[in-house]
Amino acid sequence: MTDEAPLGPGAEFDMIRAMLERWGPRANGVGDDAAIVHVPRGDVLLASVDTAVETQHFRREWLTPRELGYRAVAAALSDLAAMAARPLGVLVAMTVPDAWLGDVAGIADGIGEAVAAVRTPVLGGNLSAGGELSITTTVLGSAFAPLRRTTARAGDIVYVTGSLGGVAEALRRLEHGGRGEPGGPGGPQRERFAHPTPRLAEARWLAERGATAAIDISDGLLADVRHLAAASRVAIAIDGAAVPCMPGVSHETAQHSGEEYELVVTASAPIDVKEFARLFGLPLTEIGTVSAGEPGVTVDGQRVAASAGYDHFSR
Ligand SMILES: [Mg+2]
């Protein structure tokens with residue numbers, strides 16, 4: 001199924017043509033003024049946008065162009081996972097400085113890898129010249145009953161997918177060790193930074209089994225649980241020792257590591273964690289409980305400060 005409109009002449013269209021060639025059937029509906037997206041009857045449309053900017057989000061020497069493209073799109077897709085949505089497609093807007101022109105093909109390959117992994121198409125995008133590389137990904141998805149962060153209730157159990165801390169550990173090593181080739185000084189945790197997996201199928205499975213609320217971990221477990229507690233107006237108590245850590249990573253690091261793209265979900269009845277692990281090859285771990293009371297988060301009884309977690313504009 002392809003729905004392309006032919007593109008006109010010029011250097012910009014040549015770049016787009018080159019990307020479309022690399023994507024093949026992984027792009028669909030590109031070339032008209034807007035993409036036409038069919039939303040399953042009865043579903044709501046979910047939309048989210050995310051930007052990865054050189055120097056703010058990554059340094060050039062840390063990731064290959066392919067990893068950069070993959071990571072930008074996977075991170076954006078994680079917000080659809082947090083809503084238990086099924087992806088309908090992505091739109092990618094890139095600002096490309098001259099120094100990066102030779103890497104556009106590699107970035108495009110990474111974008112193609114990310115959309116292929118979740119079987120969703122590139123629906124369109126935009127290219128611009130500019131001073132700093134940036135990749136802005138708009139993701140579209142649909143769900144009949146999206147999971148929200150506003151709907152955790154007193155009495156719920158709190159779960160987290162995966163094992164945390166690998167991203168912070170990889171970044172720590174990259175900051176100290178310079179370059180980050182596969183197998184390089186990023187260490188064994190580097191893959192967690194370079195190649196995050198949006199937990200889309202996991203989220204839909206959890207929603208079908210009665211999850212009440214969800215958020216993805218972008219700012220760090222405790223910071224994102226705090227967002228969840230604030231949005232749901234509940235108190236959340238986390239058992240620090242229960243937080244699943246990557247090997248070689250401390251609980252402290254695991255609790256604050258950002259850009260993990262794992263999910264925190266709440267549920268009013270226990271979820272079969274063994275079945276989850278069997279299906280997805282990933283742990284699902286009970287880490288806390290929700291109660292009524294002053295909205296906020298405690299770890300082992302200690303209140304989590306409002307400053308926990310990453311904030312682009314904190315000075
Ligand atoms: Mg999010």
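The structure displayed is predicted, hence computed values, not measured ones. In listed order, ligands and their atoms are each counted from 1.
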S.K.: Output the distance between atom CG (Leu174) and atom CG (Leu63), rounded to the nearest 0.5 Å.
M.R.: 7.5 Å
S.K.: Less than 4.5 Å apart, side chain to side chain, heavy atoms only: is that true for Tyr159 and Phe276?
M.R.: no
S.K.: Looking at the Mg ion (ligand 1), which N/O/S atom of Asp216 is the nearest one?
M.R.: OD1
S.K.: Give a yes or no on whether Asp224 keeps an N, O or S atom under 2.8 Å from the Mg ion (ligand 1).
M.R.: no
S.K.: Do Glu169 and Arg173 sit within salt-bridge range, that is, some charged N less than 4.0 Å from a carboxylate O?
M.R.: yes
S.K.: Find, among atoms of Asp79 that are N, O or S, the one nearest to the Mg ion (ligand 1), and state its name.
M.R.: OD1
S.K.: Under a plain distance cut-off of 3.5 Å, with no hydrogens placed, do Thr212 and Thr151 share a side-chain donor-acceptor pair?
M.R.: no
